[in-house]
Amino acid sequence: MRLTVENLAWEDTWKDIVRIKKQYRKDRENKHIRRGAICRITMGDKSKWVIVHGRESDDEVIQMDLNVRLALGVKTKQAYDFTLDRISWLKSLWFPWKASDPIYRLPAQLSLVSFFLGVVLGVLGILVGLVPH
């Protein structure tokens, strides 16, 4: 889809959000992408995982913050051909780990580290329990 890049409102910055009007939110197979879906947006050979939200205006515009624009190598007020791909459920669990906003990223990283520590300590506890005294 060919869309013109515009700035995103400041309250949506650092959240890996892009805003696209409903009629233009389609994947490679021309299927509608629901609002709030985590997708991979691609422009040329560059891509980034983003959360897709809607817009009110009917123009062919995509709003994105500086982080997404830098990742895709695009500039405001210029039109580009973008592709949206849905990501799997498993990859959507990985999204917070890669998020730009530390408010999402830090808890995701801590929870994953805690999970693995719990597994390791649980296995060690089982092994210690199985050793005869």
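Computed over heavy atoms, backbone and side chain alike; hydrogens, waters and symmetry mates excluded.
- Using a 4.5 Å heavy-atom cutoff, the side chains of Val5 and Leu72 are not in contact.
- Around CD of Gln78, the count of heavy atoms belonging to other residues, nucleotides or ligands within 6.0 Å exceeds 12.
- A cation-pi arrangement, defined by a distance under 6.0 Å to the six-membered ring centre and an angle within 45 degrees of its axis, is absent between Lys91 and Trp49.
- A salt bridge is defined here as a Lys NZ or Arg NE, NH1 or NH2 lying under 4.0 Å from an Asp or Glu carboxylate O, and Asp101 with Lys15 fails to meet this definition.
- When all heavy atoms are compared, the tightest approach of Arg86 to Cys39 is CA-SG, 4.3 Å.
- Proximity of Val74 to Arg69: side-chain heavy atoms (C-beta onward) are separated by under 4.5 Å at one or more points.
- Checked by atom type and distance alone, the side chain of Asp65 pairs as donor or acceptor with a backbone atom of Val68 at under 3.5 Å.
- In plain terms, the two heavy atoms of Pro96 and Ala108 that are nearest each other are CB-CB, 3.5 Å.
- The shortest side-chain heavy-atom distance between Gln63 and Ile17 does not fall under the 4.5 Å cut-off.
- At a threshold of 4.5 Å between non-hydrogen side-chain atoms, the residues Ile51 and Phe95 count as touching.
- Across Arg55 and Asp59, no two heavy atoms sit closer than the pair NH1-OD1, 2.8 Å.
- The OG atom of Ser88 sits 8.5 Å away from atom CG of Leu93, with the distance rounded to the nearest 0.5 Å.
- Distance check: Met43 CE to Leu3 CG gives 12.0 Å after rounding to the nearest 0.5 Å.
- Using a 4.5 Å heavy-atom threshold, the side chains of Ser100 and Lys48 count as touching.
- Sorted by first and then second residue, the ring pair (Phe, Tyr, Trp, His ring centres under 6.0 Å) pairs involving residues 97-131 (not counting sequence neighbours) are Trp94-Trp97.
- Counting heavy atoms from C-beta outward, Ile20 and Ile33 have side chains that stay 4.5 Å or more apart.
- In the hydrophobic clustering of this structure, Ile38 groups with Leu112; members are Ile, Leu, Val, Met, Phe, Trp, Tyr whose side-chain heavy atoms approach within less than 4.5 Å, directly or through other members.
- We find the OG1-CG distance between Thr76 and Leu66 to be 10.0 Å, quoted to the nearest 0.5 Å.
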Determine whether His32 and Lys22 satisfy the following criterion, side-chain contact (heavy atoms from CB on, under 4.5 Å), listing intermediate values before the conclusion. CA-CA 8 Å; His32 174 71; Lys22 181 178 181 178; 3.5 Å; yes

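- In this view, Asp12 and Arg19 satisfy the salt bridge (Lys or Arg N to Asp or Glu O under 4.0 Å) rule, not counting sequence neighbours.
- Identified under the salt bridge (Lys or Arg N to Asp or Glu O under 4.0 Å) test for residues 72-84, with sequence neighbours left out: Arg2-Asp81.
- Val18 and Phe82 fall within the same hydrophobic cluster, defined by Ile, Leu, Val, Met, Phe, Trp and Tyr side-chain heavy atoms under 4.5 Å apart, directly or through other members.
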Assess whether side-chain contact (heavy atoms from CB on, under 4.5 Å) is satisfied between Met64 and Leu8, documenting all intermediate values. CA-CA 5 Å; Met64 58 179 68; Leu8 192 61; 5.5 Å; no

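- Ionic pairing of Asp58 and Lys21 is present here: one or more N-O contacts between side-chain nitrogen and carboxylate oxygen are shorter than 4.0 angstrom.
- At a threshold of 4.5 Å between non-hydrogen side-chain atoms, the residues Arg25 and Met1 do not count as touching.
- Within 6.0 Å of atom CG in Leu130, more than 12 heavy atoms from other residues, nucleotides or ligands are found, so the atom counts as buried in its surroundings.
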side-chain contact (heavy atoms from CB on, under 4.5 Å) between Leu124 and Val120, intermediate numbers included: CA-CA 6 Å; Leu124 284 175; Val120 168; 4.2 Å; yes

